Participant: 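There's a structure below that I have some questions on.
Keep in mind that this is a model prediction, so the values were computed, not measured.
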Amino acid sequence: MKKTAFSILFDLSEGLTFRDVQSPQEFRNGETAEVVCAVIGSLVPVVTWYYQGEEITEEHHSKFTVLPNNNLQIRQVTKADEDVYRCEAIVDARGKNPFVDIAVVVNVPPVLSVLQQYLNATADQESVTFNCMTTGSPEPVVTWHRKGRELEPSDQYNIIRLDGGRSMLTVRNIRQVDGGSYTCKATNKAGSQEREIILKVFVQPHITQLKNVTAAEGSAAMISCVAEGEPLPDISWRRASNGQTFVDGDKSQDGRFKVRGRHGKSVLTISGVRLKDLGRFDCAALSRIGDHRKSMFLDIEYIPKFLTNQTIYYSWEGNPVNISCEVMSNPPATMLWRRERLTISVEGTANTRVYNADGKSVLEVTPMSDRDFGRYNCTARNNIGVRYREFILAQAVDTELKHHGDADACYFELQCAESLSSGLGLVVGLGALLLLPVLVGLSCFFLRHCGVLTTSSKGKDREEGKAAYRKLPLKEENGKEMIVFCLLFFRPALVHNF
């Protein structure tokens with residue numbers, strides 16, 4: 001309602017004047033209102049107040065009092081007292097009563113109410129709407145605030161004001177940071193009022209940190225899984241190889257696996273890492289809102305391990321032989337060959353060549369003299385360590401034997417490079433033929449073992465063509481001692497030569 005301030009000047013002999021009388025005059029609900037009506041004149045006027053056409057007297061209107069300064073007092077003014085009041089000046093000498101009408105307006109402070117003070121929402125899945133109801137006079141203006149800042153309509157915030165003092169705030173695309181306090185504020189001339197609304201944002205569990213881990217065999221591996229969410233999720237582990245699960249505080253029977261967790265972080269510690277620990281581990285973050293799972297891979301690094309069982313190879317001059325050195329390792333090993341502390345280059349020499357592949361190195365040796373027989377060393381190295389394996393290239397000889405009287409004599413032993421299989425073959429020794437079980441389809445060689453042949457065998461032994469070797473300590477090419485027990489069968493035609 002528009003206020004009007006005016007002065008009314010009556011051209012009376014008494015010179016009465018209504019000075020600076022405002023209309024309307026506004027008051028706050030519940031306060032004591034004083035409606036001002038200033039009358040100035042040469043004679044003191046008598047002022048009478050009228051309400052709804054009736055003269056205001058204290059006898060009939062206990063709320064109203066005409067003050068000595070001619071103003072009207074209204075105690076505990078309410079909206080019901082809002083009306084037009086007449087202030088009339090009475091001058092007995094002339095009988096003329098000038099007056100002025102004054103509108104009294106009562107302003108009522110806002111009264112706010114919210115439909116729901118606490119609301120829940122799930123992040124990234126929905127929007128939420130707050131409702132605020134307000135009354136007051138004049139009609140309050142409703143605004144929404146967060147963290148001391150008034151919210152304006154935007155892509156995230158939608159604000160709707162409806163008739164009847166209702167206001168709605170919709171928060172779209174809820175995120176975890178949107179949780180907290182929101183304020184509905186209503187304001188008018190009589191004052192303002194605020195109401196707080198609390199938004200609780202639940203967040204699906206989300207694993208934010210889980211990395212593949214590489215550990216050395218025998219060391220300790222620590223695998224960390226970090227997850228966030230509201231409420232904070234519980235974290236558990238699962239070993240993919242056997243389905244074994246671990247939660248906070250668990251320990252394996254052998255004591256090598258332990259789990260410790262705190263504030264959204266869980267650490268799985270594996271002590272004395274073994275090769276069998278290699279593989280996938282699953283981390284699961286679980287809350288009443290949902291769950292999230294991720295996997296990592298535990299890689300084990302270890303020193304090279306030789307896979308080759310055969311360490312003795314046989315050949316003869318001019319016959320090439322492949323000496324194979326095979327390892328498993330992580331990371332892959334660098335392999336090289338040595339002979340008498342000298343490294344054999346990959347390019348090879350006149351009678352050696354080196355062929356390398358993943359985890360395997362083959363040394364091809366073509367013996368040209370006795371010096372090419374003996375020890376060869378395979379070295380496998382990675383950043384975890386180094387291993388050595390010695391191979392022996394032994395010399396195989398022919399079966400020719402010459403002897404006279406008590407003399408050095410030899411017998412021949414069959415050696416093969418691979419596993420045994422059944423079959424029949426021929427072994428030739430000292431001109432005699434023997435049927436013996438031998439190896440079929442394999443690389444085999446005769447080894448010569450020499451001793452002293454006794455010529456004292458007579459009679460039946462000589463007739464049966466038997467002769468015996470004495471027990472003598474003999475050395476093979478690799479230097480290992482062995483006691484030779486062997487019966488040689490001779491054709492009778494050769495016996496007389498002893």
Side-chain angles (χ1 to χ4, degrees), residues 1-12 14-92 94-113 132-143 161-167 185-194:
M1 183 180 294
K2 185 177 180 181
K3 290 185 177 181
T4 304
F6 54 87
S7 296
I8 301 176
L9 179 63
F10 292 91
D11 187 13
L12 302 174
E14 292 80 7
L16 293 177
T17 301
F18 289 92
R19 179 172 292 175
D20 297 330
V21 177
Q22 294 184 345
S23 181
Q25 295 185 31
E26 299 185 21
F27 305 95
R28 192 173 187 272
N29 185 68
E31 69 180 2
T32 297
E34 184 175 337
V35 185
V36 176
C37 182
V39 182
I40 300 174
S42 56
L43 297 176
V44 178
V46 176
V47 175
T48 302
W49 288 89
Y50 294 87
Y51 172 57
Q52 296 179 348
E54 294 183 1
E55 183 180 350
I56 296 174
T57 62
E58 293 186 12
E59 181 181 355
H60 296 94
H61 301 86
S62 58
K63 290 186 66 172
F64 302 108
T65 299
V66 178
L67 300 175
N69 60 0
N70 293 325
N71 292 340
L72 174 64
Q73 183 184 77
I74 307 174
R75 290 181 293 274
Q76 294 183 342
V77 66
T78 66
K79 198 68 176 174
D81 300 323
E82 191 174 79
D83 212 325
V84 177
Y85 294 77
R86 175 166 290 184
C87 173
E88 184 176 276
I90 300 173
V91 181
D92 292 338
R94 298 291 301 267
K96 295 181 179 181
N97 301 322
F99 64 88
V100 62
D101 290 333
I102 303 171
V104 172
V105 175
V106 178
N107 295 324
V108 180
V111 177
L112 271 176
S113 62
C132 188
M133 302 291 295
T134 181
T135 59
S137 182
E139 183 177 345
V141 175
V142 178
T143 53
R161 295 178 176 87
L162 304 175
D163 294 339
R166 182 179 179 184
S167 180
K185 182 177 181 180
T187 305
N188 66 6
K189 292 180 179 181
S192 64
Q193 190 174 40
E194 298 179 354

Participant: Mind checking whether Tyr85 and Tyr51 have parallel, tilted or perpendicular rings, split at 30° and 60°?
Facilitator: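 Answer is parallel, since the angle falls under 30°.
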Participant: Working to the nearest 0.5 angstrom, can you tell me the gap between Gln193 CD and Thr135 OG1?
Facilitator: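 These two atoms lie 8.5 Å from each other.
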Participant: Can you measure from CG (Asp163) to CD (Glu139) and round to the nearest 0.5 angstrom?
Facilitator: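 The CG atom of Asp163 sits 7.5 Å away from the CD atom of Glu139.
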Participant: Looking at every non-hydrogen atom in both residues, tell me the closest pair between Asp81 and Val77 and how far apart they are.
Facilitator: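 Here Asp81 and Val77 meet closest at OD2-CA, 3.4 Å.
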Participant: Look only at the side chain of Gln25 and the backbone of Val36, and say whether a donor-acceptor pair between them is shorter than 3.5 Å.
Facilitator: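 Side chain of Gln25 to backbone of Val36, a donor-acceptor pair under 3.5 Å: yes, one is there.
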Participant: Counting only heavy atoms from other residues, nucleotides and ligands, does the tally under 6.0 Å from CD of Gln76 exceed 12?
Facilitator: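 12 or below, so no.
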Participant: For a side-chain contact (heavy atoms from CB on, under 4.5 Å) with Val106, tell me which candidate from Asn29, Thr78, Ile74 qualifies.
Facilitator: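 Of all the options given, the one that passes is Asn29.
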Participant: Grab the two heavy atoms, one from Pro110 and one from Pro140, that are nearest each other, plus how far apart they are.
Facilitator: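 The answer is CB-CG, 3.8 Å.
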Participant: Supply the atom-to-atom distance Phe18 CZ to Glu88 CD, rounded to the nearest 0.5 angstrom.
Facilitator: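 These two atoms lie 8.0 Å from each other.
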Participant: Can you find a heavy atom in the side chain of Val21 that is under 4.5 Å from one in the side chain of Ile102?
Facilitator: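 In short, these two side chains touch, coming nearer than 4.5 Å.
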Participant: Report yes if some heavy atom in the side chain of Thr134 is under 4.5 Å from a heavy atom in the side chain of Ser167; otherwise report no.
Facilitator: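 Thr134 vs Ser167: side chains apart.
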Participant: Do Arg86 and Phe99 form a cation-pi contact, if we require the NZ or CZ to be under 6.0 Å from the six-membered ring centre and within 45 degrees of the ring's axis?
Facilitator: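 Judged by the rule (NZ or CZ under 6.0 Å from the ring centre, within 45° of its axis), Arg86 counts as positioned above Phe99.
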Participant: When you compare the side chain of Val105 with that of Glu82, does any pair of heavy atoms fall below 4.5 Å?
Facilitator: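 A side-chain contact exists here, since the closest heavy-atom pair is under 4.5 Å.
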Participant: Nearest heavy-atom pair of Pro109 and Arg28: which atoms, and what distance?
Facilitator: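 Shortest heavy-atom contact: CG-NH2, 3.2 Å.
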Participant: Determine yes or no for a side-chain-to-main-chain donor-acceptor pair under 3.5 angstrom, with Ser23 supplying the side chain and Ala103 the backbone.
Facilitator: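 Looks like yes, one N/O pair under 3.5 Å.
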Participant: For the residue pair Gln52 and Asp83, establish whether any side-chain heavy-atom pair is separated by less than 4.5 Å.
Facilitator: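 Sidechains of Asp83 and Gln52: in contact.
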Participant: Side-chain contact test, heavy atoms from C-beta onward, threshold under 4.5 Å: evaluate it for Pro138 versus Asn107 and give yes or no.
Facilitator: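 Pro138 vs Asn107: side chains touch.
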Participant: Give, for atom SG of Cys37 and atom CH2 of Trp49, the distance between the pair rounded to the nearest 0.5 Å.
Facilitator: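 It comes to 4.5 Å.
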Participant: Nearest 0.5 Å, what's the SG-CG distance between Cys87 and Leu72?
Facilitator: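 Separation between the atoms: 9.0 Å.
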Participant: Please report the interatomic distance CD(Glu194) to OG1(Thr143), rounded to the nearest 0.5 Å.
Facilitator: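 OG1 of Thr143 is found 8.0 Å from CD of Glu194.
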